[in-house]
Every structure is written in structure tokens, then in C-alpha cells.
Amino acid sequence: MKINPQDFIAMKGSKPIPMLTAYTCPIARSIEKAEVPVILVGDTVGMVEMGFDSTRDVTIEHMEYHIGAVRRGAKKTHIIGDLPYGTDVDPGTAFTNAQRLIQAGADSVKLEGPNIQVIQYLVKHNIPVVGHTGLLPQTAMNFKQVGQSSEDAKRIIKEAQAIENAGAFMVVLEHIPYSLAGEITEYLSIPTIGIGAGPDCDGQVLVINDALGLGDYWPPFSKQYAYVSKTVLKVANEFSEEVESMKFPSNIIQLTGTNRS
Ligand code: KIV
């Protein structure tokens, strides 16, 4: 059964919330089979799948395409769709774009920063919103940890409070000191989902390519549960070698006992 925003709020403090990103149908299907309760179709797709240097290159059309693919693979899982850079500049623009993501298959939308009027407007118009504070990749100059000075920490606490007060049902805390994430988690009534924010959040999100070891760079706060890039290299090498030595496709014919004509 699909988990709704109120269920996520009820999980706070009682059940840690796992969240994975997904961008494609077969990956989403596996994540749903594993009963991960929530998938984020993040604008990280631009960097980890599309080869852009920044998430700022991602468009609303890219997000619609990937959300549609993920929904076809995970029909019963709550899907959060990321509003990409420049698509939430004012309440009206954000509403039009959020509706596009919902129509593509998302159950809620995520937006970066203390964009309070936009969050209030979307929630008022029945679009569930996930906030995002700490490191904000759409506008950051680099990917270093933020919130180390007491001034910056206070700003992030205020932003998290404002995001909750505006009506968001969940907030992502990205790359901030663990103690700060713990403080925010204790203070808020909505679940916090950490990425590079330590163990005291209500849940954790990982970019699926980082978890799979797919790509050639993974942030230090991520974990590689596999090294899929190595497997792809091995398969490509073996296939290429078998075609050149004319082993393939004769070897599948021998294996299956048919020429599949
Ligand atoms: O776009 C994304 O995948 C994200 C995660 C890093 C939280 O925002």
C-alpha cells in the first residue's frame, strides 16, 4: 500500500525511513520489490545519469521523463519528484511545474531552500511538499559541508523551522554537521531525511548510483553496496572478446540447444 505524507509524519521517532533515488524503470521495480517506502526522482539525474556538470542543466521535461519511467516500475511506492532549478521561482510557476510532475507520476514534490511562499502556495493547493536545506546543489558554489559556523547553523535551523511551518511534510538535510542535524531532528515535528548529515535524522537517502557503485566518483558520505561499473566493464570486455573470437552467438546456441531462428 502506498505510504502518504501523514504516514511519514507518523513514522517520525518510531521507524527510520529509508529513501533511495531512482531514475529508470527497472531500478524502480527492484526498489519497490525491496519495499523501500519512498523513491526520490532527484535532479541528481542530471549529474549521475545525463553527464551534466551541474543539476542546473536539468529541465522540467527531463524530470517528467524520468518520473514517468520510475512510476511505470514502481506503481505502489510513494514517489517524490524534484522541481529542477528555475522551475519554482514564484508560486504560480512552481504550481504549474509541480502539477506537471504530479501528472507524470509523482505523489509529492521537493524543492530546495527556504522558498516559503512557494511551499505555502503548493500545500494550499493540495500538492504535498518535501523541503531541502543544508547544502543546496542547485545554487551552491561547491559541494563542501555547510553549517559549521554558529551563524550558518542558526540560519539552517531557522530555514528548517520555516519549511515545516510552511506546510512541508518532510525535509531533506544535506551535508551538515551531525550534531546540527540531530538538533533539527529533535526540534521538528516532521521527519528529517539525511544525506551526509549523520545518524540522528529520522531517515536516510542515498543516490542509487552511489549505492550501486555506478559511475566514477561517489561522495565520501555515501556507501557503495556494490561496484556495478566494474561489472559493466567486465561484461563489455567479455562480450567484445567473444564477438571478435566468433564465440558469440555460437555459445548461446550451444547452451540452449536451439538456433532460435
Ligand atoms: O536530487 C537529489 O537526488 C537530491 C538528493 C541528493 C537528496 O536532492
Side-chain angles (χ1 to χ4, degrees), residues 8 16-24 27-28 31 36-60 62-67 69-70 74 77-88 97-98 101 104 106-115 119 128-140 142-147 156 159-160 163 168-176 181 184-185 190-198 201-212 214-215 217-224:
F8 286 116
I17 303 169
M19 181 194 291
L20 281 167
T21 74
Y23 318 105
T24 61
I27 297 274
I31 293 174
V36 172
V38 52
I39 294 176
L40 169 64
V41 185
D43 61 2
T44 38
V45 68
M47 296 178 77
V48 301
E49 287 287 341
M50 301 174 77
F52 292 133
D53 289 334
S54 159
T55 58
R56 282 192 283 275
D57 294 307
V58 176
T59 65
I60 197 77
H62 294 147
M63 294 307 299
E64 287 175 306
Y65 173 91
H66 287 282
I67 289 168
V70 168
T77 305
H78 187 103
I79 293 176
I80 304 169
D82 233 353
L83 278 166
Y85 182 65
T87 64
D88 58 356
N97 287 314
L101 300 191
D107 298 294
S108 58
V109 300
K110 178 169 83 59
L111 56 98
E112 290 188 10
N115 210 340
I119 298 175
V129 176
V130 176
H132 185 155
T133 185
L135 177 69
L136 302 176
Q138 288 177 4
T139 46
N142 57 54
F143 293 112
K144 288 191 187 139
Q145 190 186 60
V146 294
I156 294 168
E159 283 186 10
I163 287 168
F169 74 92
M170 189 183 264
V171 61
V172 170
L173 303 178
E174 182 163 353
H175 210 9
I176 59 174
I184 294 171
T185 300
I190 57 171
T192 60
I193 306 294
I195 177 157
C201 299
D202 296 304
Q204 300 288 332
V205 56
L206 258 192
V207 170
I208 190 70
N209 295 48
D210 299 347
L212 291 174
L214 183 57
Y217 164 81
W218 309 295
F221 52 74
S222 70
K223 177 174 175 183
Q224 286 63 63

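For the numbers below, each heavy atom of this structure counts, side chains included, while hydrogens, waters and symmetry mates do not. Atoms within a ligand are numbered from 1 in the order they appear, just like the ligands themselves.
For atom 3 (O) of ligand 1, the closest heavy atom belonging to the protein is Thr44 OG1, 2.5 Å.
No part of Val45 comes within 4.0 Å of ligand 1, judged by heavy-atom distances. Contacts between Lys110 and ligand 1 below 4.0 angstrom, taking non-hydrogen atoms only, involve the side chain exclusively. Contacts between Leu40 and ligand 1 below 4.0 angstrom, taking non-hydrogen atoms only, involve the side chain exclusively. Contacts of Thr21 with ligand 1, taken as heavy-atom pairs under 4.0 Å, involve the side chain alone.
If you number the atoms of ligand 1 from 1 as listed, the ones under 4.0 Å from a heavy atom of Gly42 come out as 1 (O), 2 (C), 3 (O). Residue Asp82 approaches ligand 1 through these ligand atoms, each under 4.0 Å from one of its heavy atoms: 1 (O), 2 (C), 8 (O). Using a 4.0 Å cut-off to heavy atoms of His132, the atoms of ligand 1 that qualify are 8 (O).
In this structure, Tyr65 places its OH atom where only 12 or fewer heavy-atom neighbours from other residues, nucleotides or ligands lie under 6.0 Å away. Counting heavy atoms of neighbouring residues, nucleotides and ligands inside a 6.0 Å radius, atom CZ of Phe169 exceeds 12 of them. Residue Asp53 qualifies as open at atom CG: its count of foreign heavy atoms under 6.0 Å is 12 or below.
The ring-ring contact (aromatic ring centres under 6.0 Å, His included) search around Phe8 returns His78, not counting sequence neighbours.
Taking all atoms of both residues into account, the shortest heavy-atom contact from Tyr23 to His66 is O-ND1, 2.9 Å.
Rounding to the nearest 0.5 Å places CG of Leu173 at 5.5 Å from OG1 of Thr185.
Looking at ligand 1, you'll find an N or O of Asp43 within less than 3.5 Å of one of its N or O atoms.
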Could you give the side-chain donor-acceptor pairs of residues 128-140 under 3.5 Å, partners two or more places apart or in another chain?
unit_1	atom_1	unit_2	atom_2	d
His132	ND1	Lys110	NZ	2.7
His132	NE2	Leu135	O	3.3
His132	NE2	Glu174	OE1	2.9
Thr133	OG1	Glu159	OE1	2.7
Gln138	NE2	Asp43	OD2	2.7
Gln138	NE2	Leu83	O	3.1

